[in-house]
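Single-structure report; data block below.
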Amino acid sequence: MLFCLFLFVALLVGRLPLTGTEEEPGTPSSPSSSTATDGFFSSNCSQLTLKVDFSSRVVEHEYIVAFNGYFTAKARCHFISSALRNTEAENWRIVERENPASDYPSDFEVVQIRQDARSRLLTLQDHPYIKRVTPQRKVFRTLKLLSGGDGSSSCNDTRWVQKWQSWQSSRPLRRTSLSLSSGFWHATGRHSSRRLLRAIPRHVAQILQADVLWQMGHTGSGVKVAVFDTGLSEKHPHFKNVKERTNWTNEKTLDDGLGHGTFVAGVIASMRECQGFAPDSELHIFRVFTNNQVSYTSWFLDAFNYAILKKIDVLNLSIGGPDFMDHPFVDKVWELTANRVIMVSAIGNDGPLYGTLNNPADQMDVIGVGGIDFEDNIARFSSRGMTTWELPGGYGRVKPDIVTYGSGVRGSGMKEGCRSLSGTSVASPVVAGAVTLLARIVDKNGDHIDVAVSYSPVLWPWAGYLAVSISVAKKAASWEGIAQGHVMLTVASPAENDSAVGGEMISTVKLPVKVKIVPTPPRSKRVLWDQYHNLRYPPGYFPRDNLRMKNDPLDWNGDHIHTNFRDMYQHLRSMGYFVEVLGSPITCFDASQYGTLLMVDSEEEYFPEEITKLRRDIDNGLSLIIFSDWYNTSVMRKVKFYDENTRQWWMPDTGGANIPALNDLISVWGMAFSDGLYEGDFTMADHDMYYASGCSIARFPEDGVVIAQTLKDQGLEVLKQETAVVDNVPVLGLYQTPSEGGGRIALYGDSNCIDDSHRQKDCFWLLDALLQYTSYGVTPPSLLHSQNKVTPPAGTDKPLPERLEGNHLYRYSKVLEAHLGDPKPRPLPACPHLSWAKPQPLNETAPSNLWKHQKLLSVDIDKVELPNVGAYRPQVRPLSPGESGAWDIPGGIMPGRYNQEVGQTIPMFAFLGAMVVLSFFVVQLTKSRSKPKRRKPRIKRPLYLQQQQQQTPHTGRNPTV
């Protein structure tokens, strides 16, 4: 009996569906890349990591012609024909685009021009209805899946391998699919001998408590969500509400041949096994990549137009690139968000360096998503802010907007089942799913802050600006605390209907404000960072400060204290300094409030008025620190490169720094930098240093302190591939100005030691020593008595560097303007003038709740009582043959969550099954004991006894034997 009991329990457990570890079907094939598809399915829930190789090139003779509005195909053809009518060559045609948007008006056309392209492009751009002509681009993407561990590893295995042989941040001049290998994720066990003994959760929707909203009846119903990726199979069992699948490629299929699009859609809207966030949402699948992993810019533009037409609510996009001046793409994203499309995009994979945001995630109207692992550590590769669009006039914006889980997330397999992937293309749909699920459903000490609102004369989509400036009121100069309030903005727009005379549309926006105020620091602790004179790519070619970085030639990080100088900023804050940013000319700040002006890697020219004011400020006590970089016209001509996108040679208009402009700034004190280019390791004040493509000091006052080092002549190496060592290269100079109460000046020829971009050995100690000198007049003894101290150079033996002849710096400069002959300075712009708004104190006792915090701006999860749904688990069964993939859910409410830890519930089911079987046997045994004994079979009596019994009178009792 005991043997039968165990056998029955084993059979019961064996029939339980092990959905979380179910082996997925066979591997599909791809005609272009077997590596991309061979790893897309895994058994035993093994960890897979998605790695993407991405490249793009210009399609020869094809151009995207953008119009000023939406026109029919006939009208667009007419405009192009009229623009090219007077040209001699006739070998051009409009490329046909067969896709769902072909029947609707469009704002662009793809034109193929084979002869005299340049003159034809100019002719097209002169047409009044044509906005822009840009080359058509062809995109190649290769998806590769790498195993994150042993194939037999459990879903909850915490063993990760962290491989960091080397890392460098490169600046690809293209948009890429934002996915990475598992080597970029923080390991869950930081030490091989100690590991966190807990299971890593896999269903990210439950980790973010989506099941709480499911129990409340919120499942994304009625929300239209678009997935721009590789498509989706028609009868996938995980999706019940796929409203439309559209193909924007040149392949005649709507199915996903790679699996990436299916995974992304599953994270958002899967309704079984690996559940998504919003299973009742309307899925709109946009197939924009072929099975060969190829796409075109025009495919995206057409798909975006169709998304606007279909009134999509949420759009997930997992591509990005560095160029926020890619006009057709950026303009279309702006148009999408202006049409109330919530766009979610991955922030990029160029971390951990700051200032590496990718477009479109860096736009203020796009939700930029960064990645973390299940230990809530920021992924090392995840790009981070701030934005550089606004520099130098603005301060930039904090990005990414949000970070979420992107490591080991479970999603839908290509045909059925689940798999785990890692990468920022995983983190983006996590946020998109949460947004889809949520799409349907101040004031103490405010007088201590001053608020000003400034805006352009025209405020309209794609035009103008609106800025909010916050400052501490004068009466709070010595006050410390939290000031709160809100800013209310009212925007009046013309009525949509032109017939409504005088009609206006009124929009009101409330912006909550909460700032921490500290007492005004002493002057010696206040450092002003000159951001106004820093230039970066885009739009011009500004080379890297370290010429060894050949794979990353562009200076594109913004040179800001919150981007590639963030480590320096944090170090100065830890040392008690307060660093502020100057985003306007030198004539626009009060020098009496600051101890030191810090100029690092300046590429911009200077107004004559700036030079005059700085000299006056230093005479009155302001100090100056300059970290320069290389500048050599011969080397600048050597590092030019050919850009295949624009089909032209790019030559830098300045070096790592604008040495001629800096020399004009400091010439009054008898100082100047040279055009020498040096590199090498050395020791200064017992600190190891590395000089990376820096310049030397050519001229310095004779009563100053100059430190020299032995370095390699990198300029000779670049120009002639020869190696030479130069002794006594002046690299550091300290000078006290002679005027009474005057400031101090410190010069150093290289900024790479404080720049996060390619820093090898930091020199924060040197910056501390220089600030001690400039702020307090204390010369570090290690420098004052250094054995490398030399006589200051007079600079009379060699001419000083001159500006590159024929440079085009005026195209990107805020100081220069085009002029016949040499460029001339522009008129000095007026300093920003802020009109401070009059605060309106709110009476807390009045019948108004405006003083309270705005609801839903932030939620303290620890103070919110959430329904207890942990004990409610639905039963999930596999589909029967012919059964529909949809769930029949009463009232559209999704039953409780499906727990990913199915394996942990198996012992409970086994115990319950055993108890049921045991109860059955106990009941049967009890019945057998309580039942009356069975009567013995009657013996047939002789005939004479029967006759005698019949003669016996009846007594009312049954006869017995």
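Because the structure is a prediction, the values reported are computed rather than measured. Numbers for residues simply follow the sequence, beginning at 1.
By the neighbour-count criterion of 12 heavy atoms within 6.0 Å, atom NZ of K761 is densely surrounded, having more than that number from other residues, nucleotides or ligands. A 6.0 Å sphere centred on OH of Y455 holds no more than 12 heavy atoms belonging to other residues, nucleotides or ligands. Surrounding CD of E609 are more than 12 heavy atoms belonging to other residues, nucleotides or ligands, all under 6.0 Å away. Heavy-atom neighbours of E805 CD from other residues, nucleotides or ligands within 6.0 Å: at or below the threshold of 12. Heavy atoms from other residues, nucleotides or ligands lying under 6.0 Å from CG of D686 number 12 at most.
Side-chain contact check for W630 versus V635: some heavy-atom pair is nearer than 4.5 Å. Taking 4.5 Å as the limit, some side-chain heavy atom of D567 sits within range of a side-chain heavy atom of F764. Contact of the L771 side chain with the Y776 side chain is not registered, since no non-hydrogen atoms from C-beta on lie closer than 4.5 Å. Using a 4.5 Å heavy-atom cutoff, the side chains of P652 and M636 are in contact.
In summary, R397 and D362 do not engage in a salt bridge, as defined by a charged side-chain N under 4.0 Å from a carboxylate O. Salt-bridge formation is not detected for the pair K824/E817: no Lys NZ or Arg NE/NH1/NH2 atom is positioned less than 4.0 Å from an Asp or Glu carboxylate oxygen. For D664 and R803, the salt-bridge test passes: some basic side-chain N is under 4.0 Å from an acidic carboxylate O. One finds a salt bridge joining R759 and D756 here, because a Lys/Arg side-chain nitrogen approaches an Asp/Glu carboxylate oxygen to under 4.0 Å. A salt bridge does not link K516 to E480: none of the charged nitrogens lies less than 4.0 Å from a carboxylate oxygen. A salt bridge does not link R811 with D653: every distance from a Lys NZ or Arg NE/NH1/NH2 to an Asp or Glu carboxylate oxygen is 4.0 Å or more.
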For residues 697-711, dump all side-chain donor-acceptor pairs below 3.5 Å to protein atoms at least two apart in sequence or in another chain.
unit_1: R699; atom_1: NH2; unit_2: G795; atom_2: O; d: 3.4
unit_1: T710; atom_1: OG1; unit_2: D727; atom_2: OD1; d: 3.4

Cut-off 3.5 Å, no hydrogens considered: what does the side-chain donor-acceptor table look like for residues 568-584, sequence neighbours left out?
unit_1: H571; atom_1: NE2; unit_2: D768; atom_2: OD1; d: 3.0
unit_1: H571; atom_1: NE2; unit_2: D768; atom_2: OD2; d: 2.7
unit_1: R573; atom_1: NH1; unit_2: Y577; atom_2: O; d: 3.0
unit_1: S574; atom_1: OG; unit_2: Q570; atom_2: O; d: 3.4
unit_1: S574; atom_1: OG; unit_2: H571; atom_2: O; d: 2.5
unit_1: E580; atom_1: OE1; unit_2: R526; atom_2: NH2; d: 3.3
unit_1: E580; atom_1: OE1; unit_2: Y594; atom_2: OH; d: 2.9
unit_1: E580; atom_1: OE2; unit_2: R526; atom_2: NE; d: 3.0
unit_1: E580; atom_1: OE2; unit_2: R526; atom_2: NH2; d: 2.7

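With Y532 as the aromatic partner, K814 meets the cation-pi criteria of under 6.0 angstrom to the ring centre and within 45 degrees of the ring axis. For the pair R536 and F542, the NZ or CZ position fails the cation-pi test of under 6.0 Å to the six-membered ring centre and within 45 degrees of the ring normal. Geometric assessment of K613 against the ring of F589 yields a positive cation-pi assignment under the 6.0 Å and 45° thresholds.
A donor and an acceptor atom, one from each side chain of N546 and N752, are nowhere located under 3.5 Å apart. Side-chain contact check for S751 and D629: at least one donor-acceptor pair (N or O, by modelled atom type) lies under 3.5 Å. Between E717 and T723, the side chains place no donor N or O within less than 3.5 Å of an acceptor N or O (distance only, hydrogens not considered). Between the side chains of S693 and Q714, a donor-acceptor pair is found at a separation under 3.5 Å. Counting only N and O atoms by type, the side chains of N557 and S757 include a donor and acceptor under 3.5 Å apart.
Y537 and W650 have tilted rings, their planes meeting at an angle from 30° to 60° on a 0 to 90° scale.
Close placement of the Y748 and F627 rings is indicated, their centers lying within 6.0 Å of each other. For H562 and Y395, the ring centers are positioned less than 6.0 Å apart. The aromatic ring centres of Y690 and F682 sit 6.0 Å or more apart. Ring centers of H560 and F565: at least 6.0 Å apart, outside the cut-off.
One N or O on the side chain of T356 and one on the backbone of L353 form a donor-acceptor pair closer than 3.5 Å. When atom types are taken as modelled, the side chain of S775 and the backbone of S524 share a donor-acceptor pair closer than 3.5 angstrom.
For residues 668-677, every residue pair satisfying the side chain to side chain donor-acceptor pair (under 3.5 Å) rule, not counting sequence neighbours, is listed here: S674-S696.
Taking CD1 of I618 as the start and OG1 of T737 as the end, the distance is 7.5 Å to the nearest 0.5 Å.
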